[in-house]
Amino acid sequence: ELYPFFPSKTFPLFFDFEGKQKWEAWKALGDTSPHQAMQEYVATVKKLDPSWNPQMTEKRGKESKTAFGGPVVSSLYQEETIREEDKNIFDYCRENNIDYVTKAIRSKKVDVNVTDEEGRALLHWACDRGHKELVSVLLQHAADVNSQDGEGQTALHYAAACEFLDIVELLLKSGADPTLRDQEGCLPEEVTDCKAITSALQQHTTGKT
């Protein structure tokens with residue numbers, strides 16, 4: 001029997017409301033045995049989303065992290081097959097198609113700070129997926145490093161929650177503000193369990209004061 005991925009207790013699906021609910025439900029199971037945990041998890045998620053089908057497999061992204069029960073994908077996006085003619089700039093960003101994104105920005109067909117319906121900019125997506133080179137390209141083209149999405153989260157929140165230390169360091173060097181809080185009052189250092197990231201954010205904050 002196949003189950004979709006089980007969120008890691010150290011990796012909340014922070015920027016996906018439904019995913020965050022599922023993660024919190026999973027975390028609340030504590031030290032329950034894996035088999036019992038899976039059964040309780042499925043029952044809990046079914047209450048949250050009656051249409052959810054535990055038999056369905058989910059396609060994993062290249063950046064998948066290994067966690068309990070299988071890989072954990074990006075916190076924001078479940079892969080799906082999209083026809084080339086139906087893709088938008090965010091799809092190309094998620095795919096790490098640096099050439100396409102760069103050309104679109106340089107030709108002024110796309111504003112580097114364009115946002116999707118949730119207020120997420122290209123920089124948010126690149127940080128969420130761990131595309132460091134693309135993050136660098138976007139910053140070179142004047143992406144707003146402190147842009148906040150519809151929930152007040154910055155690129156630092158995304159990179160920190162997804163535990164991409166190298167991207168966190170790049171953002172900090174590029175002027176990212178680690179003191180910006182999201183709508184829930186959380187700092188970037190408060191959305192990660194990675195001690196190296198927490199330390200880097202705290203040191204940067206201390207250095208600015």
Side-chain angles (χ1 to χ4, degrees), residues 11 13-20 58-65 71-183 186-188 191-192 197 200-201 204 208:
F11 184 72
L13 300 186
F14 192 76
F15 307 103
D16 171 10
F17 177 76
E18 180 181 326
K20 186 179 178 184
E58 298 185 21
K59 198 171 181 180
R60 315 299 180 184
K62 292 181 180 178
E63 302 77 36
S64 297
K65 296 184 180 181
V72 175
V73 298
S74 156
S75 60
L76 290 173
Y77 186 71
Q78 300 302 313
E79 296 285 0
E80 60 184 62
T81 302
I82 303 175
R83 295 184 306 173
E84 196 69 24
E85 59 268 30
D86 293 333
K87 291 180 181 178
N88 58 37
I89 192 63
F90 298 103
D91 296 314
Y92 288 108
C93 183
R94 288 186 282 261
E95 292 176 356
N96 199 27
N97 191 327
I98 296 174
D99 288 341
Y100 184 95
V101 174
T102 301
K103 289 177 182 177
I105 293 172
R106 286 179 177 172
S107 65
K108 308 220 181 272
K109 290 182 180 179
V110 171
D111 181 346
V112 69
N113 291 311
V114 64
T115 59
D116 63 15
E117 64 277 6
E118 301 297 331
R120 298 178 291 235
L122 297 174
L123 187 61
H124 286 102
W125 279 109
C127 289
D128 173 78
R129 292 330 244 349
H131 299 326
K132 183 180 179 181
E133 185 178 353
L134 181 55
V135 170
S136 180
V137 168
L138 293 171
L139 292 171
Q140 289 171 17
H141 286 84
D144 182 357
V145 72
N146 290 314
S147 173
Q148 293 175 281
D149 68 8
E151 295 183 357
Q153 292 133 10
T154 66
L156 266 183
H157 284 89
Y158 281 59
C162 294
E163 300 184 2
F164 296 123
L165 175 59
D166 55 346
I167 294 180
V168 167
E169 293 174 338
L170 174 59
L171 292 171
L172 291 172
K173 290 178 182 177
S174 301
D177 186 352
T179 68
L180 289 178
R181 297 178 181 273
D182 63 18
Q183 290 183 358
C186 293
L187 294 169
V191 302
T192 182
I197 290 177
L201 291 168
H204 193 84
K208 292 181 63 177

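The first residue of the sequence shown is numbered 1, and numbering continues consecutively from there. Computed over heavy atoms, backbone and side chain alike; hydrogens, waters and symmetry mates excluded.
H204 places no side-chain N or O within 3.5 Å of a backbone atom of L201 that could act as its donor or acceptor partner. Side-chain atoms of H157 come within 3.5 Å of backbone atoms of C186 as a donor-acceptor pair (strictly under, hydrogens ignored).
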Exercise. Run the numbers on E95 and R129 for side-chain contact (heavy atoms from CB on, under 4.5 Å), then give the verdict.
Key: CA-CA 9 Å; E95 292 176 356; R129 292 330 244 349; over 6 Å; no
Practice problem: Could you give me the CA-CA distance, side-chain angles and deciding distance for N146 and L180, then say whether side-chain contact (heavy atoms from CB on, under 4.5 Å) is met? | Solution: CA-CA 8 Å; N146 290 314; L180 289 178; 3.8 Å; yes
Quiz item: Can you list the steps and then say if H124 with D116 is a side-chain contact (heavy atoms from CB on, under 4.5 Å)?
Solution: CA-CA 10 Å; H124 286 102; D116 63 15; over 6 Å; no
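The two atoms that bring A200 and L172 nearest to each other are O-CD1, 3.9 Å, heavy atoms only. Shown here for P188 and A160, the closest heavy-atom pair between the two residues is O-CB, 3.5 Å. What you find for A159 and L171 is that their closest heavy atoms are CB-CD1, 4.0 Å.
Screening L122, L134, I167 for a side chain to side chain contact (heavy atoms under 4.5 Å, CB included) involving C127 leaves a single residue, I167.
For the pair F164 and D128, the minimum side-chain heavy-atom distance is 4.5 Å or more. Residues L138 and V135 are not in side-chain contact: their nearest non-hydrogen atoms beyond the backbone lie 4.5 Å or more apart. Between D177 and L156 there is no side-chain heavy-atom pair separated by less than 4.5 Å. Taking 4.5 Å as the limit, every side-chain heavy atom of K103 sits out of range of all side-chain heavy atoms of K109. I197 is listed as a side-chain neighbour of E163, based on a closest heavy-atom distance under 4.5 Å. With contacts defined as side-chain heavy-atom distances shorter than 4.5 Å, the pair L170/L139 qualifies. Put simply, the side chain of D149 reaches to within 4.5 Å of the side chain of Y158, judged on heavy atoms.
In this structure, the separation between OG1 on T154 and CZ on R181 is 12.5 Å, given to the nearest 0.5 Å. Here the CG-CG distance, from N97 to D91, works out to 11.0 Å after rounding to the nearest 0.5 Å. Rounded to the nearest 0.5 angstrom, Q153 CD and R120 CZ are separated by 9.0 Å. Here L123 contributes atom CG and T115 contributes atom OG1; the two are 12.5 Å apart, rounded to the nearest 0.5 Å. How far SG of C93 is from NE2 of H131: 6.5 Å, rounded to the nearest 0.5 Å. Rounding to the nearest 0.5 Å gives a distance of 9.0 Å between NZ of K132 and CG of L165.
Salt bridge R83/E85: present, at least one basic N to carboxylate O contact under 4.0 Å.
Shown here is K87, whose NZ atom has more than 12 heavy atoms of other residues, nucleotides or ligands within 6.0 Å.
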